[in-house]
Amino acid sequence: MLRVTMVAAIGGLLASTAMGQTVLKASHQFPGGKGDIRDEMVQMIARDVAAANVGLEIQVFPGSSLYKPNDQWNAVTRGLLDMTSFPLDYASGRYPIFSATLMPGLVGNFDRAVRLNDSEFMTDIKKVIEDAGAIVISDAWLSGAFASKKSCITSPETIKGQVIRAAGPAFEEMLVAAGASISSMPSSEIYTGMQTGVLDAANTSSASFVSYRLFEHAKCLTAPGDNALWFMYEPVLVSKKIFDGLTPEQQKAILTAGEKAEAFFNEEVRKGDQTMIDAYKKAGVEVVEMSKEDYDAWLAVAKESSYKNFAAKVPDGDKLIEKALAVK
């Protein structure tokens, strides 16, 4: 079909051709075509929506090629961007409640993450997302790890004196309480930070540890193992303004594709930790895991720093944490 010219390069991202074909743009910060599961989710949604034959096409712009990571939230909630795979905690500066989706030790493992998706905890989070102007079409929780150019990070004492990038204020507060220094940046900038010596260490998702090739600068990797301190919520979001303007058939196609992508994610993400471990061992990086004692020691630090600060900043923040902890 012949396509009309876009109304604007970024504004007016919802465009139509003379034949009624609607084009949506999806943006994310992760490498495209390199096996990153978040990119694969969005690409799958685009393929399935096209196959539904409802006059809808999704163009995917990976690797921050359309929007910078921290700009995506504002764009998608205002209807300037149609779809994004987005680490929700990136918007916690505007909505402090989102820090709960990257709270140390709150998730623990993949099975519990799936159960959280249908909990009162996530109902509260998703209401804030929708009220802000976006809807979740795919839930996604990623496990994470630590890596250092200096020494292995296990107990809280091992982080003292290291400059680390941590995703989100809750982890930053915990790490500072343990004696670390913080250098904040998106995950897409960690490689350069470690390469130039700005960072000694990094804390991010297992998927990012692989797709950004951080093994090229790491001396030791602390894998999640049985004591996963780090889990981050990175859903696929659609602008509510854009979604509401679609036909019922197009809306159904997007929601169905989102459900399928979430099922794919929940199966494949569990393989990601081993993929990360294999890549780092192959690169000659030492790989360790936290013991239960290490995990408990970190949790004690978190409860006196990030948990306490969250409860003080967020109305009923302590009750929200209790809702998450109540999910068994």
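In this text, all values refer to a predicted model and were calculated from it rather than measured experimentally. Only this structure's heavy atoms are used, side chains among them; waters, hydrogens and symmetry mates stay out.
In this model, no donor atom of one side chain and acceptor atom of the other lie less than 3.5 Å apart for Ser208 and Ser211.
For the pair Gln251 and Thr247, the minimum side-chain heavy-atom distance is 4.5 Å or more. Side-chain atoms of Tyr67 and Leu80, non-hydrogen and from C-beta on, do get closer than 4.5 Å to each other. At least one side-chain heavy atom of Arg165 sits less than 4.5 Å from a side-chain heavy atom of Ser187. Under the 4.5 Å side-chain criterion, counting only non-hydrogen atoms from C-beta, Trp230 is not in contact with Pro224. The shortest distance between side-chain heavy atoms of Asp226 and Tyr295 does not fall below 4.5 Å. Counting only heavy atoms from C-beta outward, the side chains of His28 and Phe86 never approach each other to under 4.5 Å.
Remark: side-chain polar atoms of Lys149 are not paired, donor with acceptor, to backbone N or O of Lys219 under 3.5 angstrom. Side-chain atoms of Arg112 do not come within 3.5 Å of backbone N or O of Lys328 as any donor-acceptor pair. Side chain of Thr84 to backbone of Ser27: a donor-acceptor contact under 3.5 angstrom is found. The backbone N or O of Ala180 lies less than 3.5 Å from no partner atom in the side chain of Gln162, so there is not a single donor-acceptor pair. Within the 3.5 Å criterion, the main-chain N or O of Pro69 finds a donor-acceptor partner in the side chain of Gln72. Side chain of Gln29 to main chain of Gly63: no donor-acceptor pair is present (N/O by atom type, distance under 3.5 Å, no hydrogens or angles).
The residues Lys34 and Asp36 are annotated as not salt-bridged, no charged nitrogen and carboxylate oxygen being separated by less than 4.0 angstrom. Note on Lys126 versus Asp131: no salt bridge recorded, every NZ/NE/NH1/NH2 to OD/OE distance being 4.0 Å or above. Contact check on Asp82 versus Lys25 returns no salt bridge, with no Lys/Arg side-chain nitrogen under 4.0 Å from an Asp/Glu carboxylate oxygen. Using a cutoff of 4.0 Å between basic side-chain nitrogens and carboxylate oxygens, Glu216 and Arg213 are scored as salt-bridged. Of the charged side-chain nitrogens involved, at least one lies within less than 4.0 Å of a carboxylate oxygen, so that Glu268 and Lys271 count as a salt-bridged pair. Taking a cutoff of 4.0 Å between a charged side-chain nitrogen and a carboxylate oxygen, Asp111 and Arg115 do not qualify as a salt bridge.
From Thr222, atom OG1 reaches atom CG of Leu229 across 10.5 Å, with rounding to the nearest 0.5 Å. The OG atom of Ser64 lies 8.5 Å from the CD atom of Glu189; values are rounded to the nearest 0.5 Å. Here OG1 of Thr154 is found 5.0 Å from CG of Asp294. Values are rounded to the nearest 0.5 Å. A distance of 9.0 Å separates OG1 in Thr204 from CG in Leu142, rounded to the nearest 0.5 Å.
In plain terms, the two heavy atoms of Gly108 and Ala228 that are nearest each other are O-CB, 3.3 Å. Here the shortest heavy-atom pairing between Ser291 and Asn227 reads C-ND2, 3.6 Å. In terms of heavy atoms, Ala261 sits closest to Ile45 at CB-CG1, 3.6 Å. Annotation for Ile97 and Val314: closest pair N-CG2, 3.9 Å, computed over non-hydrogen atoms. The shortest heavy-atom contact between Ala145 and Asn203 is O-ND2, 3.2 Å. Of all heavy-atom pairs between Pro104 and Ala170, the closest is CD-CB, 3.9 Å.
Hydrophobic clustering (ILVMFWY, side-chain heavy atoms < 4.5 Å, transitive): Ile182 and Met185 are in distinct clusters. Note on Phe61: it does not cluster hydrophobically with Phe30, by side-chain heavy-atom contacts below 4.5 Å among ILVMFWY residues. In the hydrophobic cluster analysis, where Ile, Leu, Val, Met, Phe, Trp and Tyr join through side-chain heavy atoms closer than 4.5 angstrom, Val107 is grouped together with Val327. Phe265 and Phe209 fall into different hydrophobic clusters, where Ile, Leu, Val, Met, Phe, Trp and Tyr are joined by side-chain heavy atoms under 4.5 Å apart, directly or via other members. Residues Ile164 and Tyr191 fall into different hydrophobic clusters, defined by Ile, Leu, Val, Met, Phe, Trp and Tyr side chains chained together at heavy-atom separations under 4.5 Å.
Phe146 and Phe171 have tilted rings, their planes meeting at an angle from 30° to 60° on a 0 to 90° scale. Ring geometry for Trp141 versus Tyr233: interplanar angle of 30 to 60°, hence tilted. Ring planes of Phe98 and Tyr95: tilted class, angle from 30 to 60°.
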**Message:** I'd like to know whether Glu286 forms a side-chain contact (heavy atoms from CB on, under 4.5 Å) with Leu221, so could you lay out the CA-CA distance, the side-chain angles of the two residues, the decisive distance to 0.1 Å, and finally the verdict.
**Reply:** CA-CA 6 Å; Glu286 183 181 359; Leu221 173 79; over 6 Å; no
